[in-house]
Amino acid sequence: MSDFEGKTVLITGAASGFGRILAQNLALSGANLVLGDVNFDELTETAEGLGAAVKIMWCDVSNEAEVKALCALAEHQFGILDIAVNNAGLSSPMKSLLETTEEDMDRNFAVNTKGVFFGMKHQIPLMMASGGGAILNVASVAGINGAPKLAAYAAAKHAVVGLTRTAAVEFARKNIRINAICPFYSPTPLVTESEIAEKSELLAAGSPMKRLGTPEEIVATMLSILHPSNTYLTGQAIAVDGGVLAL
């Protein structure tokens, strides 16, 4: 449980879902945590009980200045940034591509894509200064495969995978590993509070395992990707999907 002891980890979207569970696991492993989210009340709840080495900040990842400030907080409080998880994201109403609006596209790219871009832009220099690090971007199976009725979301998540692979190649020789995790639907608030929740049984039936993955299962894979011993894994978009992409 001490594999991440002393490591400084920044997580966006830490108020709930994968971000909250990941923060809880890392706190048990002795990590220093810097957490950001736009839902500050729930972010405060996340931080409660995690120990003294936790700093939180309101952060809208679509705003570069706020992302930069969150990264600066990590440097100011702990002097280093070892790991960053660009987890913040939003869902999208299900609609035909023909019904998708410019506003839908802008909203998805502002949070789901630019949030990752801004994160890496300000996280990588901190890691370079200290000799390396690891970044994990949360994409989606919709970032690898088609996602009918979710054109804007799929486009934004495909862009996350493209950014991940590009950055991984650019900074591989700087000892910075950069990967993306691409989960299938999982019952986090992003899903349960959207209209997708109504289709959860149908989605589960479409998986070879005939169920959705739990948030804890997704976080277990995140921890594996970020593990300090996992030193040769970079530039990958790793699907955690119960076999959906194998069909």
Side-chain angles (χ1 to χ4, degrees), residues 3-4 7-29 31-37 46 59 61 67 70-71 74 80-89 111-128 130 132-144 156-172 174-184 186 188 190 213 215-241:
D3 292 340
F4 294 91
K7 300 292 186 184
T8 297
V9 185
L10 182 154
I11 307 172
T12 66
S16 62
F18 302 144
R20 173 178 280 190
I21 297 169
L22 181 62
Q24 291 168 340
N25 277 268
L26 289 168
L28 290 173
S29 292
N32 305 317
L33 297 175
V34 178
L35 310 178
D37 205 295
T46 296
C59 182
V61 297
V67 176
L70 186 67
C71 295
I80 195 171
L81 180 61
D82 299 294
I83 295 169
V85 182
N86 296 306
N87 168 69
V111 176
N112 291 334
T113 304
K114 288 170 66 177
V116 170
F117 166 68
F118 292 149
M120 291 195 294
K121 180 179 177 180
H122 295 287
Q123 294 151 6
I124 288 170
L126 297 179
M127 294 179 179
M128 289 174 62
S130 59
I135 296 174
L136 179 60
N137 300 322
V138 178
S140 169
V141 165
I144 302 175
K157 291 298 188 178
H158 270 75
V160 169
V161 171
L163 282 168
T164 298
R165 288 174 169 158
T166 298
V169 173
E170 282 194 38
F171 298 100
K174 299 295 184 181
N175 194 34
I176 300 174
R177 299 189 304 106
I178 306 173
N179 293 288
I181 186 169
C182 301
F184 189 52
S186 181
T188 65
L190 195 68
E216 290 76 13
E217 286 175 311
I218 307 305
V219 169
T221 303
M222 296 170 81
L223 290 166
S224 175
I225 294 169
L226 294 168
H227 195 278
S229 69
N230 201 349
T231 54
Y232 202 57
L233 181 71
T234 196
Q236 303 305 306
I238 298 171
V240 188
D241 64 353

Can you measure from [atom1] ([X]) to [atom2] ([Y]) and round to the nearest 0.5 angstrom?
| X | Y | atom1 | atom2 | answer |
| --- | --- | --- | --- | --- |
| Ser130 | Ile176 | OG | CD1 | 8.0 Å |
| Asn137 | Thr164 | CG | OG1 | 4.0 Å |
| Leu136 | Ser224 | CG | OG | 10.5 Å |
| Ile135 | Leu226 | CD1 | CG | 10.5 Å |
| Leu70 | Leu10 | CG | CG | 4.0 Å |
| Ser29 | Lys7 | OG | NZ | 12.0 Å |

Closest contact, heavy atoms only, [X] versus [Y]:
| X | Y | result |
| --- | --- | --- |
| Ser186 | Pro215 | OG-N, 3.2 Å |
| Ile178 | Thr234 | N-OG1, 2.9 Å |
| Lys157 | Ser140 | CG-CB, 4.0 Å |
| Asp37 | Ala15 | OD2-N, 3.0 Å |
| Cys182 | Val161 | SG-CG2, 4.2 Å |

For [X], which residues count as a side-chain hydrogen bond (donor to acceptor under 3.5 Å, both in side chains) partner, sequence neighbours excluded?
| X | value |
| --- | --- |
| Thr12 | none |
| Asn87 | none |
| Glu217 | Arg211, Thr214 |

Does [X] use its side chain to pair, donor to acceptor, with the backbone of [Y] at less than 3.5 Å?
| X | Y | result |
| --- | --- | --- |
| Thr46 | Ala14 | yes |
| Asp82 | Thr8 | yes |
| Gln24 | Leu22 | no |
| Asn179 | Leu233 | yes |
| Asp241 | Phe184 | no |

What residues form a salt bridge (charged side-chain N to carboxylate O under 4.0 Å, His left out) with Arg20, not counting sequence neighbours?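 Counting only residues at least two positions away or on another chain, Arg20 forms a salt bridge (charged side-chain N to carboxylate O under 4.0 Å, His left out) with Glu45.
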Beyond-backbone contact of [X] with [Y], side-chain heavy atoms, under 4.5 angstrom:
| X | Y | result |
| --- | --- | --- |
| Val160 | Val138 | no |
| Ile21 | Met222 | no |
| Leu223 | His227 | no |
| Phe4 | Asn25 | no |

Listing, residues 114-127 side-chain donor-acceptor contacts under 3.5 Å, not counting sequence neighbours, or none:
from, atom 1, to, atom 2, distance (Å)
Lys121, NZ, Glu64, OE2, 2.9
His122, NE2, Glu64, OE2, 2.9
Gln123, OE1, Asn86, ND2, 3.1
Gln123, NE2, Asn86, OD1, 2.8
Gln123, NE2, Gly119, O, 3.4

Val111: which residues meet the side chain to side chain contact (heavy atoms under 4.5 Å, CB included) condition with it, sequence neighbours left out? Val61, Ser62, Leu90
